[in-house]
Amino acid sequence: MKILAYIGKRVASSLLVILLITLALFLIFFLLPTNPAQLSCGKPCTPEQLSRVAAFMGTDQPWYVQMGNYIAGIFVGRTFGTGGGAVVCNAPCLGYSFRLGEPVSQLIADRFPVTASIAVGAAVLWLVIGVATGVWAALKRDTIVDRTLLGLSVVGVSAPSYLIGLLMVIAFALVIQIFPSGGYVNFTDDPVDWFYHLILPWLVLAILSAAGYTRITRTQMIGELSQDYIRTARSKGVPESVIVFKHALRNAMLPVMTMFGLDLGGLLGGAVLTEKVFSMQGLGALLLDSVSNLDLQVLVGATLFAAVLVIIANLIVDICYSLLDPRVTLGRS
(Lines give C-alpha, C1' and ligand atoms only; values in the text may rest on other atoms or scores of the structure.)
Protein backbone atom coordinates (compact mmCIF):
# COMPACT_ATOMS: atom_id res chain seq x y z
CA MET A 1 0.00 0.00 0.00
CA LYS A 2 2.87 2.37 0.72
CA ILE A 3 4.27 1.80 -2.75
CA LEU A 4 0.86 2.52 -4.35
CA ALA A 5 0.52 5.69 -2.27
CA TYR A 6 4.02 6.76 -3.30
CA ILE A 7 3.25 6.13 -6.97
CA GLY A 8 0.01 8.11 -6.66
CA LYS A 9 1.87 11.07 -5.16
CA ARG A 10 4.50 10.96 -7.89
CA VAL A 11 1.85 10.87 -10.63
CA ALA A 12 0.00 13.81 -9.07
CA SER A 13 3.19 15.84 -8.71
CA SER A 14 4.17 15.05 -12.31
CA LEU A 15 0.79 16.30 -13.58
CA LEU A 16 1.24 19.49 -11.57
CA VAL A 17 4.71 20.03 -13.03
CA ILE A 18 3.34 19.53 -16.56
CA LEU A 19 0.65 22.15 -15.88
CA LEU A 20 3.22 24.62 -14.55
CA ILE A 21 5.49 24.05 -17.55
CA THR A 22 2.56 24.62 -19.89
CA LEU A 23 1.77 27.94 -18.20
CA ALA A 24 5.42 28.98 -18.23
CA LEU A 25 5.90 28.14 -21.92
CA PHE A 26 2.76 30.01 -22.89
CA LEU A 27 3.78 33.10 -20.95
CA ILE A 28 7.35 33.03 -22.25
CA PHE A 29 6.56 32.61 -25.94
CA PHE A 30 3.14 34.16 -26.44
CA LEU A 31 3.86 37.31 -24.45
CA LEU A 32 6.93 38.14 -26.51
CA PRO A 33 6.88 41.42 -28.46
CA THR A 34 6.63 39.34 -31.66
CA ASN A 35 3.04 39.28 -32.95
CA PRO A 36 2.05 35.80 -34.24
CA ALA A 37 -0.71 37.36 -36.33
CA GLN A 38 1.79 39.70 -37.99
CA LEU A 39 4.03 36.74 -38.83
CA SER A 40 1.10 34.86 -40.41
CA CYS A 41 -0.36 37.86 -42.21
CA GLY A 42 2.55 38.18 -44.62
CA LYS A 43 3.56 41.20 -46.64
CA PRO A 44 1.96 43.53 -47.48
CA CYS A 45 -0.44 43.38 -44.54
CA THR A 46 -2.95 46.15 -44.00
CA PRO A 47 -4.37 46.92 -40.54
CA GLU A 48 -7.69 45.40 -41.61
CA GLN A 49 -6.03 42.17 -42.75
CA LEU A 50 -3.98 42.02 -39.53
CA SER A 51 -7.16 42.44 -37.47
CA ARG A 52 -8.88 39.60 -39.33
CA VAL A 53 -5.86 37.28 -38.95
CA ALA A 54 -5.59 38.07 -35.23
CA ALA A 55 -9.29 37.32 -34.76
CA PHE A 56 -8.92 34.06 -36.69
CA MET A 57 -5.93 32.95 -34.60
CA GLY A 58 -7.44 34.18 -31.35
CA THR A 59 -4.50 36.46 -30.54
CA ASP A 60 -6.77 39.51 -30.29
CA GLN A 61 -8.05 38.24 -26.94
CA PRO A 62 -6.51 38.94 -23.50
CA TRP A 63 -3.53 36.77 -22.64
CA TYR A 64 -5.36 34.87 -19.90
CA VAL A 65 -8.16 33.96 -22.32
CA GLN A 66 -5.59 32.76 -24.87
CA MET A 67 -3.87 30.68 -22.20
CA GLY A 68 -7.17 29.15 -21.08
CA ASN A 69 -8.04 28.28 -24.69
CA TYR A 70 -4.63 26.73 -25.22
CA ILE A 71 -4.87 24.50 -22.13
CA ALA A 72 -8.47 23.55 -22.92
CA GLY A 73 -7.46 22.67 -26.47
CA ILE A 74 -5.04 20.05 -25.18
CA PHE A 75 -7.95 18.12 -23.66
CA VAL A 76 -10.95 18.89 -25.89
CA GLY A 77 -9.47 20.40 -29.04
CA ARG A 78 -10.27 23.82 -30.46
CA THR A 79 -11.48 25.59 -33.57
CA PHE A 80 -9.81 28.58 -35.19
CA GLY A 81 -12.13 30.95 -37.01
CA THR A 82 -15.81 30.52 -37.85
CA GLY A 83 -17.95 29.42 -40.76
CA GLY A 84 -16.72 27.49 -43.74
CA GLY A 85 -13.13 28.68 -43.35
CA ALA A 86 -12.79 27.45 -39.79
CA VAL A 87 -9.83 25.25 -38.93
CA VAL A 88 -10.43 22.36 -36.53
CA CYS A 89 -7.59 21.17 -34.30
CA ASN A 90 -8.52 17.91 -32.62
CA ALA A 91 -7.39 16.99 -29.10
CA PRO A 92 -4.68 16.88 -28.02
CA CYS A 93 -4.30 20.24 -29.74
CA LEU A 94 -0.84 21.67 -29.06
CA GLY A 95 -1.52 24.61 -31.35
CA TYR A 96 -1.84 25.05 -35.08
CA SER A 97 0.96 26.01 -37.45
CA PHE A 98 -0.61 28.53 -39.82
CA ARG A 99 2.64 28.70 -41.76
CA LEU A 100 2.65 24.94 -42.47
CA GLY A 101 -1.12 24.52 -42.41
CA GLU A 102 -1.10 21.58 -39.98
CA PRO A 103 -1.85 20.97 -36.30
CA VAL A 104 1.30 20.92 -34.21
CA SER A 105 0.35 17.53 -32.76
CA GLN A 106 0.27 16.07 -36.28
CA LEU A 107 3.68 17.57 -37.09
CA ILE A 108 5.07 16.00 -33.92
CA ALA A 109 3.47 12.63 -34.70
CA ASP A 110 5.04 12.67 -38.18
CA ARG A 111 8.53 13.50 -36.86
CA PHE A 112 8.56 11.48 -33.63
CA PRO A 113 9.31 8.04 -35.21
CA VAL A 114 12.59 9.43 -36.56
CA THR A 115 13.68 10.79 -33.18
CA ALA A 116 12.46 7.70 -31.33
CA SER A 117 14.44 5.44 -33.67
CA ILE A 118 17.61 7.44 -33.02
CA ALA A 119 17.07 7.71 -29.26
CA VAL A 120 16.10 4.14 -28.40
CA GLY A 121 18.83 2.49 -30.47
CA ALA A 122 21.51 4.85 -29.15
CA ALA A 123 20.26 4.40 -25.57
CA VAL A 124 20.61 0.63 -25.74
CA LEU A 125 24.15 0.98 -27.08
CA TRP A 126 25.35 3.57 -24.59
CA LEU A 127 23.84 1.70 -21.63
CA VAL A 128 25.47 -1.61 -22.58
CA ILE A 129 28.83 -0.04 -23.47
CA GLY A 130 28.89 2.35 -20.53
CA VAL A 131 27.94 -0.20 -17.87
CA ALA A 132 30.26 -2.86 -19.28
CA THR A 133 33.28 -0.55 -19.42
CA GLY A 134 32.42 0.89 -15.98
CA VAL A 135 32.36 -2.55 -14.40
CA TRP A 136 35.60 -3.48 -16.17
CA ALA A 137 37.31 -0.29 -14.97
CA ALA A 138 36.16 -0.91 -11.38
CA LEU A 139 37.46 -4.49 -11.43
CA LYS A 140 40.78 -3.27 -12.88
CA ARG A 141 41.05 -0.29 -10.55
CA ASP A 142 44.32 1.69 -10.72
CA THR A 143 45.64 -0.41 -13.59
CA ILE A 144 46.45 0.63 -17.15
CA VAL A 145 43.00 -0.61 -18.22
CA ASP A 146 41.30 1.60 -15.67
CA ARG A 147 43.32 4.68 -16.60
CA THR A 148 42.77 4.09 -20.33
CA LEU A 149 39.01 3.77 -19.94
CA LEU A 150 38.87 6.88 -17.74
CA GLY A 151 40.92 8.80 -20.30
CA LEU A 152 38.61 7.76 -23.11
CA SER A 153 35.59 8.73 -21.01
CA VAL A 154 37.00 12.23 -20.53
CA VAL A 155 37.32 12.58 -24.31
CA GLY A 156 33.77 11.30 -24.78
CA VAL A 157 32.33 13.72 -22.23
CA SER A 158 34.25 16.68 -23.64
CA ALA A 159 33.79 16.14 -27.38
CA PRO A 160 30.87 18.01 -29.01
CA SER A 161 28.33 15.79 -30.78
CA TYR A 162 28.45 17.71 -34.06
CA LEU A 163 32.25 17.26 -34.28
CA ILE A 164 32.08 13.51 -33.63
CA GLY A 165 29.20 13.25 -36.08
CA LEU A 166 31.07 15.07 -38.85
CA LEU A 167 34.20 12.97 -38.26
CA MET A 168 32.13 9.77 -38.45
CA VAL A 169 30.50 10.92 -41.68
CA ILE A 170 33.87 11.78 -43.23
CA ALA A 171 35.48 8.52 -42.12
CA PHE A 172 32.71 5.97 -42.74
CA ALA A 173 30.51 7.63 -45.36
CA LEU A 174 32.92 9.61 -47.54
CA VAL A 175 36.30 7.89 -47.19
CA ILE A 176 35.52 4.22 -46.50
CA GLN A 177 31.95 4.53 -47.87
CA ILE A 178 30.41 1.69 -45.87
CA PHE A 179 27.52 3.69 -44.36
CA PRO A 180 25.20 6.35 -45.81
CA SER A 181 25.99 9.94 -44.87
CA GLY A 182 22.46 10.72 -43.77
CA GLY A 183 18.76 10.43 -44.42
CA TYR A 184 16.08 8.25 -42.87
CA VAL A 185 14.14 5.23 -44.14
CA ASN A 186 10.89 4.16 -42.49
CA PHE A 187 11.07 0.84 -40.68
CA THR A 188 7.88 -0.33 -42.38
CA ASP A 189 9.33 0.39 -45.83
CA ASP A 190 12.63 -1.45 -45.40
CA PRO A 191 13.79 -2.65 -41.93
CA VAL A 192 17.29 -3.45 -43.16
CA ASP A 193 17.79 -0.05 -44.78
CA TRP A 194 16.27 1.60 -41.69
CA PHE A 195 18.92 -0.10 -39.53
CA TYR A 196 21.67 0.69 -42.03
CA HIS A 197 20.90 4.44 -42.03
CA LEU A 198 20.79 4.62 -38.22
CA ILE A 199 24.11 2.93 -37.42
CA LEU A 200 26.21 6.12 -37.56
CA PRO A 201 23.79 8.29 -35.49
CA TRP A 202 23.56 5.51 -32.91
CA LEU A 203 27.33 5.22 -32.69
CA VAL A 204 27.81 8.99 -32.34
CA LEU A 205 25.33 9.30 -29.48
CA ALA A 206 26.54 6.07 -27.87
CA ILE A 207 30.18 7.21 -27.87
CA LEU A 208 29.28 10.54 -26.28
CA SER A 209 26.83 9.26 -23.68
CA ALA A 210 28.57 5.99 -22.75
CA ALA A 211 31.47 8.01 -21.34
CA GLY A 212 29.31 9.37 -18.53
CA TYR A 213 27.89 5.92 -17.77
CA THR A 214 31.40 4.49 -17.59
CA ARG A 215 32.39 6.99 -14.94
CA ILE A 216 29.27 6.69 -12.77
CA THR A 217 29.20 2.87 -13.02
CA ARG A 218 32.87 2.67 -12.07
CA THR A 219 32.35 4.94 -9.06
CA GLN A 220 29.28 3.05 -7.88
CA MET A 221 30.90 -0.37 -8.36
CA ILE A 222 34.02 0.64 -6.42
CA GLY A 223 31.80 1.81 -3.60
CA GLU A 224 29.70 -1.35 -3.58
CA LEU A 225 32.68 -3.69 -3.79
CA SER A 226 34.10 -2.13 -0.63
CA GLN A 227 30.94 -2.71 1.41
CA ASP A 228 30.81 -5.11 4.36
CA TYR A 229 28.25 -7.42 2.73
CA ILE A 230 30.65 -7.99 -0.17
CA ARG A 231 33.47 -8.93 2.19
CA THR A 232 31.12 -11.26 4.04
CA ALA A 233 30.06 -12.93 0.79
CA ARG A 234 33.69 -13.43 -0.21
CA SER A 235 34.54 -14.92 3.19
CA LYS A 236 31.73 -17.44 2.68
CA GLY A 237 33.21 -18.54 -0.63
CA VAL A 238 30.59 -17.01 -2.93
CA PRO A 239 31.90 -17.02 -6.51
CA GLU A 240 33.31 -13.68 -7.63
CA SER A 241 31.01 -13.55 -10.67
CA VAL A 242 27.96 -13.84 -8.40
CA ILE A 243 29.32 -11.12 -6.09
CA VAL A 244 30.02 -8.74 -8.96
CA PHE A 245 26.98 -9.21 -11.18
CA LYS A 246 24.26 -10.33 -8.77
CA HIS A 247 25.04 -8.26 -5.69
CA ALA A 248 27.30 -5.30 -6.43
CA LEU A 249 26.05 -4.45 -9.93
CA ARG A 250 22.40 -4.61 -8.92
CA ASN A 251 22.89 -1.95 -6.25
CA ALA A 252 25.23 0.09 -8.43
CA MET A 253 22.61 0.25 -11.21
CA LEU A 254 20.11 2.31 -9.19
CA PRO A 255 21.70 5.74 -9.88
CA VAL A 256 22.55 4.59 -13.40
CA MET A 257 18.85 3.94 -13.99
CA THR A 258 18.01 7.47 -12.89
CA MET A 259 20.54 8.94 -15.27
CA PHE A 260 19.41 6.65 -18.09
CA GLY A 261 15.74 7.56 -17.76
CA LEU A 262 16.40 11.29 -17.84
CA ASP A 263 18.85 11.04 -20.75
CA LEU A 264 16.49 8.92 -22.81
CA GLY A 265 13.54 11.19 -22.06
CA GLY A 266 15.54 14.24 -23.06
CA LEU A 267 16.78 12.62 -26.25
CA LEU A 268 13.24 11.57 -27.24
CA GLY A 269 12.39 15.25 -27.21
CA GLY A 270 14.77 15.81 -30.11
CA ALA A 271 18.38 14.99 -30.95
CA VAL A 272 18.90 18.42 -32.47
CA LEU A 273 22.58 18.35 -33.49
CA THR A 274 22.61 14.69 -34.49
CA GLU A 275 19.54 15.09 -36.68
CA LYS A 276 21.09 18.17 -38.28
CA VAL A 277 24.40 16.45 -39.03
CA PHE A 278 22.74 13.36 -40.53
CA SER A 279 19.92 15.24 -42.34
CA MET A 280 17.12 13.51 -40.45
CA GLN A 281 13.77 15.25 -40.10
CA GLY A 282 12.91 14.47 -36.49
CA LEU A 283 11.71 16.61 -33.60
CA GLY A 284 15.09 18.30 -33.32
CA ALA A 285 14.89 19.49 -36.93
CA LEU A 286 11.29 20.59 -36.34
CA LEU A 287 12.40 22.72 -33.38
CA LEU A 288 15.23 24.29 -35.39
CA ASP A 289 12.86 25.12 -38.25
CA SER A 290 10.34 26.65 -35.86
CA VAL A 291 13.03 28.88 -34.35
CA SER A 292 14.36 30.05 -37.71
CA ASN A 293 10.84 30.73 -39.02
CA LEU A 294 9.52 32.18 -35.73
CA ASP A 295 6.68 29.65 -35.78
CA LEU A 296 5.68 30.14 -32.15
CA GLN A 297 2.88 27.58 -32.19
CA VAL A 298 5.24 24.81 -33.27
CA LEU A 299 7.95 26.01 -30.90
CA VAL A 300 5.64 25.93 -27.87
CA GLY A 301 4.02 22.61 -28.80
CA ALA A 302 7.27 20.79 -29.54
CA THR A 303 8.96 22.17 -26.41
CA LEU A 304 6.00 21.13 -24.26
CA PHE A 305 6.04 17.66 -25.80
CA ALA A 306 9.75 17.29 -25.06
CA ALA A 307 9.24 18.46 -21.46
CA VAL A 308 6.41 15.96 -20.96
CA LEU A 309 8.65 13.14 -22.20
CA VAL A 310 11.34 14.06 -19.66
CA ILE A 311 8.75 14.19 -16.85
CA ILE A 312 7.28 10.82 -17.87
CA ALA A 313 10.76 9.29 -18.01
CA ASN A 314 11.51 10.69 -14.56
CA LEU A 315 8.22 9.29 -13.24
CA ILE A 316 8.96 5.83 -14.63
CA VAL A 317 12.45 5.89 -13.13
CA ASP A 318 11.05 6.90 -9.73
CA ILE A 319 8.49 4.08 -9.83
CA CYS A 320 11.10 1.50 -10.85
CA TYR A 321 13.43 2.87 -8.18
CA SER A 322 10.78 2.40 -5.49
CA LEU A 323 10.07 -1.16 -6.65
CA LEU A 324 13.73 -2.14 -6.70
CA ASP A 325 14.66 -0.37 -3.47
CA PRO A 326 11.77 -0.21 -0.93
CA ARG A 327 13.89 2.09 1.25
CA VAL A 328 13.07 4.91 -1.18
CA THR A 329 9.33 4.53 -0.53
CA LEU A 330 9.71 4.05 3.21
CA GLY A 331 11.99 7.04 3.51
CA ARG A 332 9.53 9.39 1.79
CA SER A 333 6.23 8.13 3.13
Side-chain angles (χ1 to χ4, degrees), residues 115-169 171-172 179 198-227 229-230 234 239-274 277-278 310 313-314 316-318 320-321 324-325 328:
T115 300
S117 297
I118 297 172
V120 174
V124 172
L125 277 180
W126 83 52
L127 183 64
V128 172
I129 296 172
V131 171
T133 53
V135 172
W136 190 19
L139 295 177
K140 300 292 184 180
R141 184 181 181 184
D142 296 330
T143 65
I144 186 64
V145 172
D146 182 27
R147 288 192 287 270
T148 300
L149 291 175
L150 284 178
L152 292 174
S153 69
V154 171
V155 175
V157 170
S158 306
S161 58
Y162 66 88
L163 175 61
I164 298 297
L166 289 174
L167 291 176
M168 296 281 275
V169 169
F172 296 104
F179 296 119
L198 286 168
I199 291 177
L200 281 184
W202 285 345
L203 289 176
V204 170
L205 290 173
I207 290 171
L208 297 172
S209 299
Y213 286 82
T214 298
R215 297 172 71 86
I216 190 173
T217 303
R218 175 187 179 275
T219 301
Q220 291 299 126
M221 283 294 295
I222 290 175
E224 290 298 326
L225 290 172
S226 63
Q227 295 294 321
Y229 76 93
I230 296 293
R234 282 175 175 155
E240 189 68 17
S241 59
V242 175
I243 291 174
V244 172
F245 296 105
K246 186 177 180 180
H247 299 298
L249 183 58
R250 179 179 178 179
N251 292 328
M253 283 297 292
L254 292 176
V256 175
M257 278 181 50
T258 303
M259 184 177 174
F260 177 74
L262 295 176
D263 286 346
L264 178 58
L267 192 58
L268 285 171
V272 179
L273 295 177
T274 303
V277 170
F278 292 98
V310 174
N314 190 33
I316 293 173
V317 167
D318 279 351
C320 293
Y321 216 133
L324 291 174
D325 190 355
V328 174

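For reference, positions follow the sequence shown, starting with 1.
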Hey, what do you get for OG1 (T274) to CE (M168), rounding to the nearest 0.5 Å?
11.0 Å
Let me confirm one number: the OG-CG distance from S153 to L208, rounded to the nearest 0.5 Å.
12.5 Å
If you compare all heavy atoms of G223 against all heavy atoms of S226, which two are closest, and at what distance to 0.1 Å?
O-OG, 2.8 Å
Validation row: I164, L203 side chains within 4.5 angstrom (heavy atoms)
no
For I222, is there any backbone N or O sitting under 3.5 Å from a side-chain donor or acceptor partner on R141?
no
Sequence-distant partners of K140, side chain to side chain contact (heavy atoms under 4.5 Å, CB included), two or more places apart
W136, T143, V145
Verdict with supporting geometry, V317 and L262, side chain to side chain contact (heavy atoms under 4.5 Å, CB included)
CA-CA 8 Å; V317 167; L262 295 176; 5.9 Å; no
Could you give the distance from OG1 (T115) to CG (L267), rounded to the nearest 0.5 Å?
8.0 Å
Using side-chain heavy atoms (C-beta onward) and a distance below 4.5 Å, is T133 in contact with L152?
no
Between L254 and T258, is a side chain to side chain contact (heavy atoms under 4.5 Å, CB included) present by the stated rule, with each step listed?
CA-CA 7 Å; L254 292 176; T258 303; over 6 Å; no
Please find the pair of heavy atoms, one from G265 and one from A313, that lie closest to each other, and give the distance.
CA-CB, 3.8 Å
For side chain to side chain contact (heavy atoms under 4.5 Å, CB included), just list the numbers for I243 and Y229, CA-CA rounded to whole Å, side-chain angles, deciding distance to a tenth of an Å, and then say yes or no.
CA-CA 10 Å; I243 291 174; Y229 76 93; over 6 Å; no
Is the closest side-chain heavy-atom distance between V310 and L268 below 4.5 Å?
no
D263: what forms a salt bridge (Lys or Arg N to Asp or Glu O under 4.0 Å) with it, not counting sequence neighbours?
none
Has the side chain of W202 got a donor or acceptor atom that lies under 3.5 Å from a matching backbone atom of S117?
yes
Please evaluate residues D146 and R218 with respect to the criterion side chain to side chain contact (heavy atoms under 4.5 Å, CB included), reporting the C-alpha separation (whole Å), side-chain torsions for both, the decisive distance (0.1 Å), and the verdict.
CA-CA 9 Å; D146 182 27; R218 175 187 179 275; 2.7 Å; yes
Please report the closest heavy-atom contact between A206 and A122, naming both atoms and the distance.
CB-O, 4.2 Å
Quick one: do R234 and E240 make a salt bridge, cutoff under 4.0 Å?
yes
Is D142 salt-bridged to R147, cutoff N-O under 4.0 Å?
no
Within the 4.5 Å heavy-atom criterion, are W126 and F260 side-chain neighbours or not?
yes
Do T217 side-chain atoms and T214 backbone N/O form a donor-acceptor pair below 3.5 Å?
no
Side-chain heavy-atom pair V204, F278 within 4.5 angstrom cut-off:
yes
I'd like to know if the side chain of Y213 reaches the main chain of M259, judged simply by a donor and an acceptor atom lying under 3.5 Å from each other, with no hydrogens or angles considered.
yes
Considering all heavy atoms, the nearest A138-M221 contact:
CB-CB, 3.6 Å
Can you find a pair of side-chain heavy atoms, one from N251 and one from Q227, that are under 4.5 Å apart?
no
Drop me the distance from F179's CZ to I199's CD1, to the nearest 0.5 angstrom.
4.0 Å
